[in-house]
Number of protein chains: 2
Amino acid sequence: MKRKVTLKQIAKELDVSISTVSKALRNSIEISEDTRQKVQAFAKLYNYRPNNIALSLKNRKTKTIGIIIPEIVHHFFSKVITGIELVANKRGYNVIVGLSNESFDKEVINMQMLANGSIDGFILSIAKETLQQQDYHHFTETINQGMPIVMFDRVADNIPCDKVIVDDIKGAKKAVEKLIHNGCKNIAIITTRDYVSVGKLRTQGYLEALEEHKIDPKGSLILKIEDKLLSDEDLDKLEKEIELLFKSNKVVDGIFAVNELYAVTAIKVARKLGLEIPKSLQVVSFTDGVLSKHSTPSLTTVSQHGQEIGEKAAQLLIDRLELDDEEYNEEEQYETVVIETELIERESTKS
Amino acid sequence: MKRKVTLKQIAKELDVSISTVSKALRNSIEISEDTRQKVQAFAKLYNYRPNNIALSLKNRKTKTIGIIIPEIVHHFFSKVITGIELVANKRGYNVIVGLSNESFDKEVINMQMLANGSIDGFILSIAKETLQQQDYHHFTETINQGMPIVMFDRVADNIPCDKVIVDDIKGAKKAVEKLIHNGCKNIAIITTRDYVSVGKLRTQGYLEALEEHKIDPKGSLILKIEDKLLSDEDLDKLEKEIELLFKSNKVVDGIFAVNELYAVTAIKVARKLGLEIPKSLQVVSFTDGVLSKHSTPSLTTVSQHGQEIGEKAAQLLIDRLELDDEEYNEEEQYETVVIETELIERESTKS
DNA sequence: TTACAAAGCGAAAACGTTTTCGTGTTAAAA
DNA sequence: TTTTAACACGAAAACGTTTTCGCTTTGTAA
């Protein structure tokens with residue numbers, strides 16, 4: 001087992017100085033053709049690679065991006081990571097991932113672990129618990145220490161940083177309008193409690209769509225689910241609640257679900273009650289994940305373009321990281337980019 | 001914006017030496033109670049945190065684990081990451097993720113990016129392309145440089161490193177045996193081409209199960225899919241091939257699919273052909289992902305316990321990283337841990 | 001008073017780079 | 001022969017830590 005070779009070792013071996021070796025490897029004209037060749041040959045032979053950590057220390061940048069997300073076993077978030085990784089790598093950056101597991105404490109700890117020099121900037125989506133508590137001091141502190149943050153999807157409005165968001169309202173509107181145009185008269189929504197910002201926004205989009213089409217919203221058609229991590233018991237409860245929705249509203253002919261799981265569960269329950277999809281009940285979901293695409297019937301859904309969100313977030317962050325200090329002063333503005341949603345029509349709605 | 005404060009700055013401000021500050025913060029008895037208090041108060045006020053990069057350089061360890069996986073938008077792999085992250089964090093390590101995207105080149109590049117000091121060791125699952133080319137020089141080189149690797153799921157047998165694998169053969173056997181016990185007489189398998197090791201092993205398990213129950217395998221019941229990244233066209237082709245399977249084998253009453261997608265697609269096709277699940281056709285799949293759980297009918301499936309695999313892999317790696325040098329010599333053995341599979345019975349088989 | 005130990009602190013090296021500046025040698029120009 | 005310029009290389013600082021060793025000062029024992 002040969003240990004990693006360093007400049008110092010090469011220098012010693014070749015009986016030159018460390019500086020000479022360094023320069024020779026970077027093809028400096030200061031160094032004679034002879035020595036250059038000699039050094040480079042030796043370096044190649046011993047497979048020399050500059051030590052990243054030493055470089056980071058010297059340059060005071062790590063070329064690494066910290067990602068903090070609530071969970072990774074989730075189609076949307078993994079898509080976002082794919083996007084981040086794509087442009088990060090293309091621009092010479094690495095990606096280090098922390099999971100908050102929707103917990104405030106883990107979010108804080110993770111940020112602290114990374115903020116001490118390990119990374120140049122953050123890309124993150126806020127944990128539910130943090131959203132509830134509305135305690136954002138760890139974000140402002142990080143930013144105050146000169147480390148830029150880009151938030152995506154679940155963002156906090158009054159934090160000074162770049163943001164990449166989905167137009168949840170508009171996306172939800174598109175979904176509901178699709179149902180309206182397809183002739184649905186009694187459209188129910190299955191959503192989450194309001195503290196999860198996206199649930200709130202999607203509900204708002206639902207209401208706006210109804211309003212614009214002069215449909216009076218009915219409270220009994222709005223089902224708000226307590227959104228814990230979904231254990232199997234919770235799934236049972238979810239089914240019960242949806243069943244109740246159908247039973248107390250016999251006329252329901254359209255469903256807008258704010259995520260795939262609610263949608264497939266609704267379909268499952270509906271079928272059990274003898275409803276045919278999409279003939280007597282049409283369903284639109286949010287998030288174009290594996291369930292939408294491959295369950296039967298496949299789901300008409302609002303795609304959020306997770307990968308694109310990741311790409312954009314990475315681009316924003318790296319752009320800011322690579323701002324020269326001169327440009328820095330003027331550029332105290334932060335951007336909020338809205339990634340358009342797209343309605344993907346499949347079998348759960350009439351065409 | 002206050003920049004990050006360093007020992008040097010604190011020292012200057014308090015008019016003591018850097019050494020004193022460092023010692024004071026680490027509660028060294030060399031330092032008087034007075035100075036200690038003073039320094040610690042000041043450090044707290046300015047929110048001092050030691051720079052990780054400097055520590056890494058000094059200690060020659062980064063407390064960071066590099067993960068390289070083929071893709072992240074995949075239930076199994078994200079579960080594994082969750083597991084790795086869990087124990088890594090618990091033991092004070094960070095996790096940095098690289099995606100090979102099933103490409104040999106990206107795998108190599110990613111490893112090079114990380115192997116130069118950024119991390120202490122690797123946890124990885126080999127890209128399909130690498131598996132095909134059987135070019136493993138980047139693994140051996142990394143190991144030769146003293147950086148340990150733990151491989152999981154898709155491993156290369158003759159590389160000297162710890163491994164965490166699924167007993168694919170046994171898992172597949174369990175699945176097929178379930179079908180046999182449930183009365184299936186003509187069990188087909190939908191698998192991948194052989195160079196993907198897991199496809200091969202699962203096929204082997206299928207054959208063994210048949211053999212042990214004195215059933216002659218029929219070539220026409222073995223469908224091998226060219227396993228590219230699945231675009232929508234490929235999905236069409238997949239359906240066509242499965243349809244052909246059913247049409248040329250009218251008697252098929254059981255299907256073992258080596259992944260969820262093949263299973264749901266098979267079910268979809270079967271239904272179109274008028275087959276009832278699980279009455280006239282029973283299906284078992286591999287990988288307990290979101291499709292198995294939430295599609296209709298839900299799938300009986302072989303769970304690989306991805307999270308557990310991740311946890312075990314992380315444990316193996318960190319244990320090795322933290323071996324004292326004394327213990328090191330004796331311990332040149334590598335471990336291969338087999339994580340047992342579990343058959344989870346759901347609606348796609350008779351109970 | 002002398003000697004010496006303990007207490008409290010600082011200087012410096014080390015981790016592995018890159019880069020600035022200086023220095024010695026050689027060859028060409030005056 | 002002397003001056004100068006080009007060339008080739010080395011020393012040292014810097015990034016932010018930790019740690020070893022040595023130095024001063026004080027208090028205590030001889």
Side-chain angles (χ1 to χ4, degrees), chain A residues 2-40 42-43 46-64 115-120 145-147 325, chain B residues 2-40 42-43 46-64 113 115-120 145-147:
Chain A
K2 15 171 192 178
R3 286 230 61 80
K4 291 233 69 179
V5 58
T6 68
L7 287 187
K8 198 197 272 194
Q9 291 166 37
I10 301 185
K12 198 172 184 182
E13 211 70 27
L14 262 47
D15 205 39
V16 293
S17 77
I18 297 182
S19 339
T20 304
V21 178
S22 174
K23 288 172 190 163
L25 290 175
R26 328 195 92 243
N27 279 316
S28 158
I29 40 160
E30 278 188 63
I31 306 298
S32 71
E33 190 57 27
D34 261 20
T35 347
R36 237 187 297 172
Q37 301 249 339
K38 209 171 48 178
V39 172
Q40 298 199 0
F42 192 92
Y46 281 88
N47 202 359
Y48 170 78
R49 299 262 183 278
N51 180 308
N52 247 323
I53 294 289
L55 286 179
S56 297
L57 184 59
K58 179 137 193 38
N59 303 329
R60 284 137 115 216
K61 40 184 76 167
T62 61
K63 290 261 178 184
T64 302
N116 306 313
S118 302
I119 61 163
D120 295 340
Q145 300 202 343
M147 179 161 300
D325 287 333
Chain B
K2 15 172 192 174
R3 286 229 60 78
K4 292 233 68 180
V5 58
T6 69
L7 287 187
K8 198 197 272 194
Q9 291 166 37
I10 301 184
K12 198 173 184 182
E13 211 71 26
L14 261 47
D15 206 39
V16 292
S17 78
I18 296 182
S19 340
T20 305
V21 178
S22 174
K23 288 172 190 164
L25 290 174
R26 328 195 93 242
N27 281 317
S28 159
I29 40 159
E30 280 187 63
I31 306 298
S32 71
E33 191 57 28
D34 262 20
T35 345
R36 237 189 296 171
Q37 302 250 338
K38 210 171 50 177
V39 171
Q40 298 199 0
F42 191 92
Y46 282 87
N47 202 359
Y48 170 79
R49 299 261 183 279
N51 181 309
N52 247 324
I53 294 290
L55 286 180
S56 297
L57 184 59
K58 180 133 192 39
N59 303 330
R60 283 136 115 213
K61 43 184 74 166
T62 61
K63 290 259 178 186
T64 302
M113 277 192 79
N116 306 313
S118 302
I119 62 164
D120 295 340
Q145 300 203 342
M147 177 161 301

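In this text the structure is predicted, and so the values were computed from the model without any measurement. Scope of the values below: all heavy atoms of this structure, side chains included, with no hydrogens, waters or symmetry mates. Numbered from 1 within each chain, the chains take letters A, B, ... in sequence-line order.
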d([atom1], [X]; [atom2], [N]) in whole Å:
{"X": "B:Asn52", "N": "C:dC15", "atom1": "CG", "atom2": "C1'", "result": "15 Å"}
{"X": "A:Leu57", "N": "D:dT17", "atom1": "CG", "atom2": "P", "result": "9 Å"}
{"X": "B:Glu33", "N": "C:dC9", "atom1": "CD", "atom2": "P", "result": "11 Å"}
{"X": "A:Lys61", "N": "C:dT18", "atom1": "NZ", "atom2": "P", "result": "15 Å"}
{"X": "B:Asp34", "N": "C:dC9", "atom1": "CG", "atom2": "P", "result": "8 Å"}
{"X": "A:Asn59", "N": "D:dA13", "atom1": "CG", "atom2": "P", "result": "20 Å"}
{"X": "A:Lys12", "N": "C:dG16", "atom1": "NZ", "atom2": "C1'", "result": "15 Å"}
{"X": "A:Lys8", "N": "C:dT18", "atom1": "NZ", "atom2": "C1'", "result": "16 Å"}

Does some side-chain heavy atom of [Y] sit less than 4.5 Å from a side-chain heavy atom of [X]?
{"X": "B:Thr6", "Y": "B:Asn51", "answer": "no"}
{"X": "A:Asn27", "Y": "A:Gln40", "answer": "yes"}
{"X": "B:Lys12", "Y": "B:Gln9", "answer": "no"}

CG (A:Asp15) with more than 12 external heavy atoms under 6.0 Å: no
Closest approach of A:Leu7 to A:Ser22 (non-hydrogen atoms, all atoms of both residues):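 Looking at all heavy atoms of both residues, the shortest contact is CD1-CB, 3.9 Å.
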Shortest non-hydrogen contact from B:Ala11 toward B:Ile18: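 Closest approach of B:Ala11 to B:Ile18: CB-N, 3.8 Å.
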Identify whether any heavy atom of [X] sits under 4.0 Å from a base atom; if not, whether one sits that close to sugar-phosphate; answer base, sugar-phosphate or nothing.
{"X": "B:Ser32", "answer": "sugar-phosphate"}
{"X": "A:Ser22", "answer": "base"}
{"X": "B:Leu55", "answer": "sugar-phosphate"}
{"X": "B:Thr35", "answer": "sugar-phosphate"}
{"X": "A:Arg49", "answer": "sugar-phosphate"}

From the list [options], which nucleotide is the closest neighbour of the side chain of [X]?
{"X": "B:Leu7", "options": "D:dT18, D:dA11, C:dT17", "value": "D:dT18"}
{"X": "B:Lys58", "options": "C:dG10, C:dT18, D:dT18", "value": "D:dT18"}
{"X": "A:Ile18", "options": "D:dT18, C:dC9, C:dT18", "value": "C:dT18"}
{"X": "A:Glu30", "options": "D:dT20, C:dT20, D:dT17", "value": "C:dT20"}

Upstream residue (5' side of DNA chain C) when A:Gln9 and B:Ser19 are each assigned their closest nucleotide: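 With A:Gln9 and B:Ser19 compared, the 5'-side residue is B:Ser19.
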Tell me whether the side-chain N/O atoms of [X] come closer than 4.0 Å to OP1 or OP2 in [N].
{"X": "B:Arg60", "N": "C:dA14", "value": "no"}
{"X": "A:Arg26", "N": "C:dT19", "value": "yes"}
{"X": "B:Lys23", "N": "C:dG10", "value": "no"}

